[in-house]
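Have a look at the structure below, then the notes.
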Amino acid sequence: MSLLCFSAQVYFFVFSLSATATPIYDGVTSTIAGVSHRRWIQAQLTARGNPTVQNVTNVALFNPENVTKELNGIKAKFANAGKVLAGVGLNPETHPERGYPKFNPPNFLLSEASSSESAAGIIGVPPVAPGSGAVQMPLTDEISGSLDILYYGPMHFGNNQTKMQIDVDTGSADLWVPVQCRNCDQEQYDTGQSSTYVGSKNKCKIVYGTGQVVGTLAQDSVSVGPIGVDKQTFCAVHKVSEDLNQEPNSGLLGLAFGSIAQSGKPTFFENLLAEKKLSASIFSVHLTRLRERGSEVCFGCFDPTRAVGPVVWNPVISRTYWSIAMNGLSVNGTESPPANLTAAVDTGTSLIYLPTDVATDFYGLIPGSATAVQYGAGTRPISYLYACLAGLITRILGFYTFPCDTPFSVSLILGGQAYSVHPTDFNLGRTDDDSDNCVGGILALGNGFPPDLAIIGDEFLKSWYSVFDYSGRVGFAPSVNNK
């Protein structure tokens, strides 16, 4: 019988823990980027006291439109995740990071902190790899109500340096822009203005969580600021699905590994590495919370003004998605049953998605939580009970609610370390004006996905400055958003 049929357990361990990084250890002092866990925890508790846990009573109404759109679209984006993570049908690995020295982020505990966000950084040291060999791409946050939808920024195409607004997505590996697109509402790339543009008849079709694009492969010079690639392959899109046509950006930059590029060609970042255009084989991502300006991707660099603590590294499991080990979740320090998950870290996804049994175990730690059938999660109670008894339902797709005034803290356990999720990001809003229930930002994937797949989106990344290292690891440092 499914674990969902036994999800009525109630836990009353409601107490406050730090909302900053709280590494888990069994009495042995291990290290985070060369820094003692114990020293880091003590320093944070001394400096900041006891941060606020989830207890949001004055929240907006939940608007299911954008979330439902993403939830349904995730099925398409990760439709082949099982095969991808099993190594089936991948492009050959090129390892463009070879020849680069190991990246070492600054040691925050040995630096004197400052509250000002100057060009030198809040820790009083210059950014790693400044100037030549590094470039910062400013991002705009598209906000809908209380939800950060997507982050996009300027890239330049062609020898005439046409500026296009491009979505950044670590969950895919293709670059595309609209070219003579029949149904595109956004700004298009006028290839007639570039003498270096080379088209082809090779078709490309790219499927994402919120739609798909169709076009032909092309090459041209592509750059971010002063750093670029002269002959970058991208999809010159002639048609987009209606979902993508509603977005403010005019294209998308895939930053996952080229092994999953549907074009079969190296990614923009991989070409930068292969041509030794960068000082380090990393890019770092800072995502703001409900602020239109201030987000960025730092190519070849680490911006210490965006972090307030040391980097914790997680080995990459598969050089396809930026996939890392996820061991479970916790509520107020009480852990859900152990889970052996592969988590894709995806800037192109807004929320957090888990296998249904893992999501149900997690919400079982929050008193008063329930599946939100009004948004299409699961079946009606009678038919669901029948299905449970018959052993027919093991996983359902959808939302969960919890009492808005229940105080608790939420963490993801990645590589044995607990990383907090900010309560503002977890709480998606009240179900209606008269309701005491709110919708949670951790959703169930349902059927059609690998049973061990999790997707970690912006809901998590807004609390953690993220470093994507092509040597095969993902690092998280506490974000300046939460200071």
For W313 and F103, take the angle between the two ring planes, folded into 0 to 90°, and tell me which bin it lands in: parallel under 30, tilted 30 to 60, perpendicular over 60. perpendicular
How many angstroms lie between CG in L443 and OG in S350, if you round to the nearest 0.5 Å? 11.0 Å
Give the ring-plane orientation class for F269 versus F299, where under 30° counts as parallel, over 60° as perpendicular and anything between as tilted. tilted
R291 bridged to D141 by N-O distance under 4.0 Å: no
Just checking E65: does its CD atom have more than 12 heavy atoms from other residues, nucleotides or ligands closer to it than 6.0 angstrom? no
Could you tell me whether the side chains of N66 and S144 share a donor-acceptor contact shorter than 3.5 Å? yes
Parallel, tilted or perpendicular: which describes the rings of Y321 and F78, with under 30° parallel and over 60° perpendicular? tilted
Would you please say whether a donor-acceptor pair under 3.5 Å links the side chains of T305 and D303? yes
Are T431 and N437 close enough that a side-chain donor and a side-chain acceptor fall under 3.5 Å? no
CG of D361 to CD of E335, rounded to nearest 0.5 Å, is 12.5 Å
Among side-chain atoms of T401 and Y363, is any donor-acceptor pair under 3.5 angstrom? no
State yes or no: are the ring centers of F408 and F402 separated by less than 6.0 Å? yes
Set out, in order, the CA-CA distance, both residues' side-chain angles and the distance that settles side-chain hydrogen bond (donor to acceptor under 3.5 Å, both in side chains) for T140 and R293, then state yes or no. CA-CA 5 Å; T140 299; R293 306 296 178 187; 2.6 Å; yes
Quick one: sort the Y189 and F157 rings into parallel, tilted or perpendicular, breaks at 30° and 60°. tilted
Flag the pair D148 / L287 as yes when at least one side-chain heavy-atom distance between them is below 4.5 Å, and no otherwise. no
Can you name the salt bridge (Lys or Arg N to Asp or Glu O under 4.0 Å) partners of R289, sequence neighbours left out? D425
Do the ring centers of Y470 and W322 come within less than 6.0 Å of each other? yes
Cut-off 3.5 Å, side chains only: do Y353 and E70 have a donor facing an acceptor? yes
Can a donor-acceptor pair be found between the side chains of N314 and Y419 at a distance below 3.5 Å? yes
Side chains of T342 and S323 only: does a donor on one sit below 3.5 Å from an acceptor on the other? no
